[in-house]
Asker: 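Mind having a look at this structure? Questions to follow.
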Protein chains: 2
Amino acid sequence: MRASKRDELVREALGIFYREGFHATGMDRLAAETGISKTTMFKHFHSKEELILAVLRLRDQNFRNWLFRRMEEAGAPRAQLSAMFDALAEWFAEPGFRSCMFIKAASEYPDPHHPIHTQAAEHKRLLFLQLQKIAADAGAQDPAALARALLLLKEGAIVTAHLGHEADPAGDAKAAAEKVISAALDHPQA
Amino acid sequence: MRASKRDELVREALGIFYREGFHATGMDRLAAETGISKTTMFKHFHSKEELILAVLRLRDQNFRNWLFRRMEEAGAPRAQLSAMFDALAEWFAEPGFRSCMFIKAASEYPDPHHPIHTQAAEHKRLLFLQLQKIAADAGAQDPAALARALLLLKEGAIVTAHLGHEADPAGDAKAAAEKVISAALDHPQA
DNA sequence: CTCAAGGTGAACAGATCGGTACATATTGGA
DNA sequence: TCCAATATGTACCGATCTGTTCACCTTGAG
């Protein structure tokens, strides 16, 4: 049972911050909703900021594990790349979907030097690295460029799914991605 | 000088909310930084939420005017479409760039039914309508689909410019956009 | 049994939150 | 000159914010 309350707190805080926002969620409310006493919360994390950083670390692991596992199920590297957008479609369809936790974190802590902002940026960097690797396996001539293009579409789809009126942003992104992927794989421009 | 203080307040609040965030900026601080008394602020806007809505309306006008004017300078409709990403590049290069005000608003007010959230969504809808029109003028067979794809790239570029480590998200988006545009215009799939 | 680690509840601190009350200027037109 | 509109400063309200203090409870290992 070592540090079980700590993990429980991080797990529950993740859901509440995601639904309500960071500034909008006070530590008192967090204590009330999780059933964990404020005393304990501040024993594990010396500040709200530390708790948020822990939440973001957990979210980073959860999300990357989920996404890349879904992608691996598609088989060949090239299929994995477009399968990313099928996974996104599933995510968007979940009733509790409220955009990307890291985009939200960066929005609420806009200063690029703020620890929370840099931690959110780190998530995007790790996503890029894994995607770049798959792009290389798929035979892309410029894996980094392909990974960047696909990430643009992914972020755009997330924002649009949360903010727009569009019916199927993930489908739109997938359609655009297919063109970008085949341009990068089928017609190596050299 | 009718209602000049009101406009001045909205204009200054726009900058402060954009830099600091909505929840993070209190009405007291707003009064202190703008030099406008709290009494006056609450005479013009009965709540912080009303002020934020006014700020978003102003931002919507400013941004759309700026963007579409920049695009029109490019001449022909097709050139306008890719010129959007040149305009974005200029924006990202500004020292004060901190992502899109509407993405931030939606992040801080994640409930899709919240007035601030819906107002932010309205901005994206207006962007879509204008872009769709240009896509139609450019001869796209499915202007709505092309507009959606380009908006995905635009939102993705904004998020990445704010959150990522990438050197030139606008350039990446433009490159991807060129492929999508030519697929939609040069090879009508029918 | 004992003792330390981890958890609890409740009260508290000082600051800030959104928002109001009230009495006092300043100003431009009739 | 007088009035109405607009703005001001200051103090205040109750609630909530992050964070602390302290005395007490539970539990498992030696």
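Below, chain A is the first sequence line, B the second, and so on; all start at residue 1.
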Asker: Which donor-acceptor pairs under 3.5 Å do side chains of residues 93-106 of chain B form with protein atoms, sequence neighbours excluded?
Answerer:
residue : atom : partner : partner atom : Å
B:R98   : NH1  : B:R19   : O            : 2.7
B:K104  : NZ   : B:Y18   : O            : 3.1
B:K104  : NZ   : B:R98   : O            : 3.2

Asker: C:dG19 C1' sits how many Å from B:I52 CD1, rounded?
Answerer: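 Going from CD1 in B:I52 over to C1' in C:dG19 covers 14 Å.
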Asker: Below 3.5 Å is the cut-off: list the nitrogen or oxygen pairs between protein and nucleotides 20-28 of chain D, distance only.
Answerer:
none

Asker: Starting at atom CE of A:M41, determine the distance to atom C1' of C:dG6, rounded to an integer number of angstrom.
Answerer: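 Answer to the nearest Å: 16 Å.
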Asker: Which residue pairs pass the ring-ring contact (aromatic ring centres under 6.0 Å, His included) test with at least one member in residues 159-184 of chain B, sequence neighbours excluded?
Answerer: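 Applying ring-ring contact (aromatic ring centres under 6.0 Å, His included) to every pair that reaches into residues 159-184 of chain B, excluding sequence neighbours, yields A:H117-B:H162.
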Asker: Pairs of donor and acceptor atoms involving the side chains of residues 166-177 of chain B, under 3.5 Å and at least two apart or interchain, shall be tabulated with distances.
Answerer:
residue : atom : partner : partner atom : Å
B:D168  : OD1  : B:G171  : N            : 3.0
B:D172  : OD1  : A:R148  : NE           : 3.4
B:D172  : OD1  : A:R148  : NH2          : 3.3
B:D172  : OD2  : A:R148  : NE           : 2.7
B:K174  : NZ   : B:D86   : OD1          : 2.9
B:K174  : NZ   : B:D86   : OD2          : 3.1

Asker: For B:T39, give me all partners under side-chain hydrogen bond (donor to acceptor under 3.5 Å, both in side chains), at least two apart in sequence or on another chain.
Answerer: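 Not a single residue meets the side-chain hydrogen bond (donor to acceptor under 3.5 Å, both in side chains) criterion with B:T39.
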Asker: List for me each residue that meets side-chain contact (heavy atoms from CB on, under 4.5 Å) alongside B:E50, sequence neighbours excluded, and say none if there are none.
Answerer: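 If we apply the side-chain contact (heavy atoms from CB on, under 4.5 Å) test to B:E50, skipping adjacent residues, the hits are B:F45, B:H46, B:S47.
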Asker: Among residues 19-36 of chain A, which residues get a heavy atom nearer than 4.0 Å to DNA chain D?
Answerer: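 Within residues 19-36 of chain A, the residues near DNA chain D are A:T25, A:G26, A:M27, A:D28.
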Asker: Write down the distance between CZ (B:R6) and P (D:dA5), rounded to a whole number of angstrom.
Answerer: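 One finds 17 Å between P of D:dA5 and CZ of B:R6, rounded.
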Asker: Could you tell me whether the phosphate oxygens of D:dT8, OP1 or OP2, come under 4.0 Å of any side-chain nitrogen or oxygen in B:S37?
Answerer: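 Indeed, a polar side-chain atom of B:S37 lies that close.
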Asker: Without decimals, in angstroms, what is the distance between A:K48 NZ and C:dT16 C1'?
Answerer: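 A:K48 atom NZ is separated from C:dT16 atom C1' by 13 Å.
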Asker: Compare side-chain N and O positions of B:K5 against OP1 and OP2 of D:dA7 and report whether any pair is under 4.0 Å apart.
Answerer: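 Negative; the distance criterion is not met.
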Asker: The criterion is side-chain contact (heavy atoms from CB on, under 4.5 Å); which residues satisfy it with B:A31, sequence neighbours excluded?
Answerer: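 For B:A31, the residues satisfying side-chain contact (heavy atoms from CB on, under 4.5 Å) (neighbours in sequence not counted) are B:K38, B:M41.
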Asker: Tell me: CD of B:E49 to P of C:dG18, nearest whole Å?
Answerer: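 Interatomic distance, CD of B:E49 to P of C:dG18: 12 Å.
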Asker: Which residues pass the ring-ring contact (aromatic ring centres under 6.0 Å, His included) test with A:F128, sequence neighbours left out?
Answerer: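 Per chain and number, A:F128 pairs via ring-ring contact (aromatic ring centres under 6.0 Å, His included) with no residue.
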Asker: Just say parallel, tilted or perpendicular for the rings of A:H23 and B:H23, cut-offs at 30° and 60°.
Answerer: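 Rings of A:H23 and B:H23: parallel, as their planes differ by under 30°.
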